[in-house]
Amino acid sequence: MPKSRGRRKKTDHTVPPAGHGGGPTFRIISPPADREGFRAKMAAGAKAHVARVPEMFAAFQQLFREHDPAGLIASAAYYGLQRGVLEDGSTTPISSKLEQHHVELLQAVLLTVPHADWSDNPSVPSAVQRVFDELPSLALGFLAQRIVAGVETDDPQARTIAALQERIRLHTHAVRNWGYFGDVVSMSREMYSPLDAAFLAHHGFAASDVIELGRTMVAELERRANLWTGAMRSVANARSVPEMLARYCEGFPDIAGSAKELTERLPSGITRQQVLAMLLGHADLRHPDNMSFGAKELGELAGLDGARTERALRAISLKPGALSSHNLDFLFLANPIWLAPLIDLGDTFLAPMPQAILSHIHAIVRRLAEEAGALNRLDTARNAYLERRMVEALRMALPMAAVRAGVTWSYGDQRFETDAIVQIDKVLLIAEAKANHLTPQGLRGAPDRVRRHVRDMVVEPSLQSARLEGVVCDAQAGSAEALATVAEAGITAPGDIDRIIRISVSLDDLSVLASAEQELRDAGWVPPDHVLAPMMNIADLLAIADVLDRPVIFLHYMAERGPFQRHFQLLGDELDFLGLYLESGFNLGGVPQEMSLSPSGMSEAIDRYYDARDAGRILEKPRPKLGRYFASILDALATRRPAGWTLIGMHLLSAADQGEQARLVRLLERARKAVRRRAKGMEHGVLVSVKPPLDRKASIAFLVHDEKERDGLRRAVERVASQELDGSGDQVILARHIDRWEEPYQIAAIARPHP
């Protein structure tokens, strides 16, 4: 049976899928023509929705007093969050109305009702439908409160800051997981196992126990859900009512009565569809049991002692009524469920979303570490893990590069440390790791608190890498002090460095915030003269290194990520950006800069690949849309490695998308025929050029020739360079012989105008 825990918005259980469709795309969002009118309408709509929040909240509390709360939330979680994996690795939900953050909000509301007020009445289908219909509106009500706060100020900078705060809140509220499920489990184990001794001494269980219990509950719930789904699928496929009842009794052998007895109780004239609905409603009552775990049983599944398991489960659980006096606004901004995802029912623990343990593992472990007096050990473990994995990712992506970690260097009278320096050909990559974490106080706090988060987590690592970049530039200009510094840092031949790439890497997912560079600048949170380095979390960096497994393509992605986030107002996360890159290579020069670009959902192929991997299936890895000829050039460059081969490759990737590459191949074939027949004016070869729409990108010229001697070919290339350079930028020239067409090129060179 397929398994799927998802990547981003959901990390869920399993159901058999039933078809899918539609491919990824990105949206270009134009700003409203009447901004003030738009703001006024948005504010009016938000205010009306906010006014309904207390009423909706009370309605849900009353629903829990009228119908079994465990049954309601279990059915919402089952039908709202489960995913199936198709043969191609894609996932299919039963319902698209609910996401994990909706059910987390529902669980928080449930926990405001004391256990004595819980109803014993079954969670009938009509009550479950009310949850599906009304829960998204309740969640939207909390969002509307923030919209109202953001639009009621006339200060443009204050509005910008409010919008930034909302980006952070929405992203951390709605997005689940900082990596794919299998990666989250393995990375969490490695990261937090150094805290096991401190946790055992204080809590009586290890940090690793919490991770393993979360993984075990997800696996066991998948197993139970698959059995339930298989039984009901068999019932639905039966051809007659008696056969349906027989299969129902076979699928659930613990029910009272036989199929014959059930048949006799049915009213005459009942249809097959009515019987199916009746049986489905009855089977739905099993969801709370499927999502409940006893400590002894779960401990045996996880290979842990029962008492130790119980201590761990109680530490990450809340009892009914625990949130009865909780501030309702905080249920949206810092839901207590994020720190305690289970419901403590005494002898058992209800786990509607056991995947939430791994979704929020950073926050859960931090709370437990604080209680154990182990925050320093936690920060040390997080920093060490992040720096080590970042270096591993860079070495995986650039196996032929010189990668140095934890490099210390002096400049002036100060000492500095750079987390990773990568030197390959004429490219220098500077990477800084930042293991700080977002706090609930920062998310719901005043603007100065959020600004401090942005400064510490986004701006500071970017300033650190920019500092070393400046020293390298000073060394290239001849500064003796800078030359000594780069030598101390192990950077060789600084004069040969042509491209410097800077990135920042985190543990938390901050891509939606770091990519809002213009908004950060408008808010005054980024120095006006500073170019912000793109930031990605470590799981995303590892995925990028895995998917972009040609070194030049990896470098090109990293080099273009910064200009990409500066050119557009982006709405998406890092793997959406990667998905857009696979489709376009970031060759989007025709999109106006004032537009907002929303590549949300572009990670579909990447998600499909990793979700299938977690489900034990091997799919073809998603790759950039790269024409065969361009791919052969990149492979030849990586094999021959002439001076500047990385730059040539990156310029090629910036010059044309897949459609332009195909057109270029056709032009080259026509040029080959023209040179072969010695067409007039083409006796010395034909030049085929590509000029990207953005001025900052180099033009590409292909010289199709039949030169017999290499010296003659070199002179021809030099002649092309002198004729074609217009002073606006670099030009890549590749020579291709008409009789050696199987070779992607004979000479590849970069021509550069004199300064």
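Using bins of under 30°, 30° to 60° and over 60° for the plane-to-plane angle, the ring pair His203/Phe205 lands in the parallel bin.
Taken to the nearest 0.5 Å, the CZ atom of Phe554 stands 8.0 Å off from the CE atom of Met396. Going from atom CD of Gln565 over to atom CD of Glu574 covers 8.5 Å, rounded to the nearest 0.5 Å. Note that OG1 of Thr492 and CG of Leu428 are 9.0 Å apart. Values are rounded to the nearest 0.5 Å. With values rounded to the nearest 0.5 angstrom, Met187 atom CE is found 10.0 Å from Tyr192 atom OH. Within the model, atoms CD1 of Ile421 and CD1 of Ile430 stand 6.5 Å from one another, a figure rounded to the nearest 0.5 Å. For the atom pair Leu555 CG and Ile501 CD1, the distance stands at 5.0 Å (nearest 0.5 Å).
In this structure the side chain of Val458 never reaches within 4.5 angstrom of the side chain of Ser504, judged on heavy atoms. Ile357 places none of its side-chain heavy atoms less than 4.5 Å from the side chain of Leu213. Between His556 and Leu548 there is no side-chain heavy-atom pair separated by less than 4.5 Å. Contact check for Leu634 versus Leu626: side-chain heavy atoms found under the 4.5 Å cut-off. Within the 4.5 Å cutoff, the side chain of Met650 has heavy atoms near those of the Val427 side chain. Between Val365 and Val210 there is no side-chain heavy-atom pair separated by less than 4.5 Å. At a threshold of 4.5 Å between non-hydrogen side-chain atoms, the residues Tyr581 and Leu653 count as touching. Looking at Pro642 and Leu637, their side chains come closer than 4.5 Å, going by heavy atoms from C-beta outward.
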### Message
Assess the residue pair Leu468 and Arg502 against the criterion (side-chain contact (heavy atoms from CB on, under 4.5 Å)); give the C-alpha distance rounded to whole Å, side-chain angles, the decisive distance to 0.1 Å, and a yes or no.
### Response
CA-CA 10 Å; Leu468 181 57; Arg502 299 185 296 111; over 6 Å; no
### Task
Show your working on ring pair (Phe, Tyr, Trp, His ring centres under 6.0 Å) between Tyr557 and Phe586 and close with a plain yes or no.
CA-CA 8 Å; Tyr557 179 86; Phe586 288 156; 5.4 Å; yes
### Task
For side-chain contact (heavy atoms from CB on, under 4.5 Å), just list the numbers for Thr418 and Gln464, CA-CA rounded to whole Å, side-chain angles, deciding distance to a tenth of an Å, and then say yes or no.
CA-CA 8 Å; Thr418 299; Gln464 288 175 311; over 6 Å; no
### Task
For Val184 and Gln355, run side-chain contact (heavy atoms from CB on, under 4.5 Å): C-alpha distance rounded to whole Å, both residues' side-chain angles, the deciding distance at 0.1 Å, then the answer.
CA-CA 11 Å; Val184 167; Gln355 68 273 14; over 6 Å; no
### Task
Just do the side-chain contact (heavy atoms from CB on, under 4.5 Å) check on His651 and Gln731 with the steps written out, would you?
CA-CA 9 Å; His651 286 319; Gln731 183 172 42; over 6 Å; no
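No hydrogens or angles considered: a donor-acceptor pair under 3.5 Å links the side chains of Tyr610 and Asp546. Counted by atom type alone, Asp425 and Thr646 present one or more donor-acceptor pairs between their side chains at under 3.5 Å. Using a 3.5 Å distance cut-off with no hydrogens or angles, the side chains of Thr216 and Glu212 do pair a donor with an acceptor. Looking only at atom types and distance, the side chain of Ser506 has no donor-acceptor partner in the side chain of Asn537 under 3.5 Å away.
Ion pairing between a basic and an acidic side chain is recognised when a charged N comes within 4.0 Å of a carboxylate O; Glu432 and Arg467 show no such pairing. Using a cut-off of 4.0 Å between Lys/Arg side-chain N and Asp/Glu carboxylate O, Lys625 and Glu583 are scored as salt-bridged. Using a 4.0 Å cut-off between charged side-chain N and carboxylate O, Asp549 and Arg623 make a salt bridge. Salt bridge Arg389/Glu392: present, at least one basic N to carboxylate O contact under 4.0 Å. With salt bridges taken as basic N to acidic carboxylate O contacts below 4.0 Å, one links Asp635 and Arg550. A salt bridge is defined here as a Lys NZ or Arg NE, NH1 or NH2 lying under 4.0 Å from an Asp or Glu carboxylate O, and Glu460 with Lys434 fails to meet this definition.
Summarising the geometry of Val531 relative to Arg521, their closest heavy-atom pair is CA-NH2, 4.4 Å, with the distance given to 0.1 Å. The shortest heavy-atom contact between Ala431 and Asp419 is O-CB, 3.5 Å. Leu619 and Ala612 get closest at one heavy-atom pair: CD1-CB, 3.5 Å. The minimum heavy-atom distance between Leu575 and Tyr180, with the atom names listed, is CD1-OH, 3.3 Å. Here the closest heavy-atom approach between residue Val185 and residue Arg215 is recorded as CG1-CD, 4.0 Å. Nearest heavy atom pair, residue Ser654 against residue Asn587, reads O-OD1, 2.8 Å.
Asp498 pairs with exactly one of Gln476, Lys426, Arg752 by the side chain to side chain donor-acceptor pair (under 3.5 Å) rule, that one being Arg752.
Sorted by first then second residue, the ring pair (Phe, Tyr, Trp, His ring centres under 6.0 Å) pairs that include residues 398-432, not counting sequence neighbours, are Trp409-Phe416. Counting only residues at least two apart or on different chains, the salt bridge (charged side-chain N to carboxylate O under 4.0 Å, His left out) pairs with a member in residues 357-373 are Arg366-Asp379, Arg367-Glu371.
Every residue was checked against the side-chain hydrogen bond (donor to acceptor under 3.5 Å, both in side chains) condition with Ser188, not counting sequence neighbours, and none meets it.
Although no hydrogens or angles enter the test, the distance criterion places a donor-acceptor pair under 3.5 Å between the side chain of Arg382 and the main chain of Ala435. Judged by distance alone, the side chain of Gln661 and the main-chain N or O of Ala656 form a donor-acceptor pair under 3.5 Å. A donor-acceptor contact shorter than 3.5 Å links the side chain of Thr485 to the backbone of Ser410.
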